[in-house]
Amino acid sequence: MPETLLEVEGLKKHFPIRSGLLQKQTGSVKAVDDVSFTLNKGETLGLVGESGCGKSTTGRMLMRLLEPTEGKIIFDGKDLTKISKSEMRKARKDIQMVFQDPFASLNPRHTVERIIEEPLIVHGLGNKQERKKRVKELLDIVGLSSYHAGRYPHQFSGGQRQRIGIARALAVNPKLIIADEPVSALDVSIQSQVLNLLDDLQKEFDLTYLFVAHDLGVVRHISDRVAVMYLGKIVEISDGDQLYEQPKHPYTQALLSAVPVADPDYKKERIILGGDVPSASNPPKGCPFHTRCPMAMSICKEVVPNLQEVEQGHLTACHLYGESK
Ligand code: SF4
């Protein structure tokens, strides 16, 4: 029986919109709107969607880098939304983050050694000598060399910088790593090297990943399960293979139709979505996707579809399936 490490329930992040002289709240941007999912120990969940769909905001709320408006984040049996800021600082030892832009997330004035040992200092782990030894060990683990320790971030390539970011995240032996678009800023040729490294590290250190990406192609090989987000909501979640082979939600079908395939003889029809993603400050009534959905029916404009199981372990929020059909 898989052991649950993280349980997210009804998570919301609504940013207030203020206007006028008195800065009165006149509305809100529903960046994340009622998101629920679980993550088992040793599992990778890919969280995918276009920019602005709320996936990165969700990742940041899990670390409480952003305070949730509502909802529960049960990590290792403890609700992170209920603990104090100082308890949260301690909890961050078990939840680390790898960021999209390795250059922006590494202090340019610090040596690699200083960057990687920082989480050890923050959490009071080891003396100077032990930390030095650990940095060398981590550099080796991520495929760099101990002589890199004295260098600065600008002396590395993008892929190497992301390896430094990964070493820093690993330093305190976390249980969960939130990887926020960790390969989107890298050349395609380097992306697979970094993905393979993350895959190897997961096996070696029994890590659990929440892997945020805007491209379904990127998360395919690394994810056990994939959740697709649209306008602040999860619209489909399933085992990776099932989602790629039998996508249920019209939005997932459209995203998948844009993923290139290696076989030149395989022809697939690209589904081009009309219109833009509506604003999260004024989401459409009913199904949030109805303004762009090629399958939209009249009920879609009125009733919000619930995320419901359509096959074992495969959930989707669409009126084409289930009771409301
Ligand atoms: Fe399309 Fe309707 Fe399904 Fe929404 S509920 S995805 S609009 S068919």
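This one's a predicted model, so the numbers in the text were calculated from it and none came from an experiment. Numbering of ligands and ligand atoms starts at 1, following listing order. Below, all heavy atoms of this structure are taken into account, side chains as well, without hydrogens, waters or symmetry copies.
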**Prompt:** side-chain hydrogen bond (donor to acceptor under 3.5 Å, both in side chains) between Glu50 and Tyr251: does it pass, once the steps are laid out?
**Reply:** CA-CA 11 Å; Glu50 289 164 291; Tyr251 178 59; 2.7 Å; yes
**Message:** Under 4.0 Å from a heavy atom of His249: which atoms of ligand 1 are those, numbered in the order shown and with their elements?
**Reply:**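 Ligand 1 atoms under the 4.0 Å threshold to His249: 6 (S).
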**Message:** Please list, in number order, the atoms of ligand 1 under 4.0 Å from a heavy atom of Leu320.
**Reply:**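 The list of qualifying atoms is 8 (S).
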**Item:** NZ or CZ of Lys13 within 45° of Phe15 ring axis and under 6.0 Å
**Value:**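 Checked: cation-pi criterion met.
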Among all protein non-hydrogen atoms, which one is nearest to [atom], and what is the separation to 0.1 Å?
atom	value
atom 5 (S) of ligand 1	His319 N, 3.2 Å
atom 3 (Fe) of ligand 1	Cys318 SG, 2.3 Å
atom 4 (Fe) of ligand 1	Cys287 SG, 2.3 Å

**Asked** Which is closest to atom 1 (Fe) of ligand 1 in terms of heavy atoms, Pro250, Cys300, Cys293?
**Response**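 Shortest heavy-atom distance from atom 1 (Fe) of ligand 1: Cys293.
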**Prompt:** So, His290 and atom 3 (Fe) of ligand 1: N/O/S under 2.8 Å, yes or no?
**Reply:**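 Not a single backbone or side-chain N, O or S atom of His290 is under 2.8 Å from atom 3 (Fe) of ligand 1.
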**Prompt:** Does Asp140 pair with Lys136 as a salt bridge, N-O distance under 4.0 Å?
**Reply:**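 Salt bridge flag = no for Lys136 with Asp140.
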**Asked** Is the closest basic N to carboxylate O distance between Glu137 and Arg134 below 4.0 Å?
**Response**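 Yes, Glu137 and Arg134 are salt-bridged.
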**Reference residue Val135; test side-chain contact (heavy atoms from CB on, under 4.5 Å); the match among Arg168, Glu130, Glu117** =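 So, applying the side-chain contact (heavy atoms from CB on, under 4.5 Å) to Val135 and each of Arg168, Glu130, Glu117, only Glu117 qualifies.
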**Message:** Among Ile271, Val228, Leu273, Asp215, which residue satisfies the side-chain contact (heavy atoms from CB on, under 4.5 Å) criterion with Leu255?
**Reply:**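 Considering Ile271, Val228, Leu273, Asp215, a side-chain contact (heavy atoms from CB on, under 4.5 Å) with Leu255 is found only for Val228.
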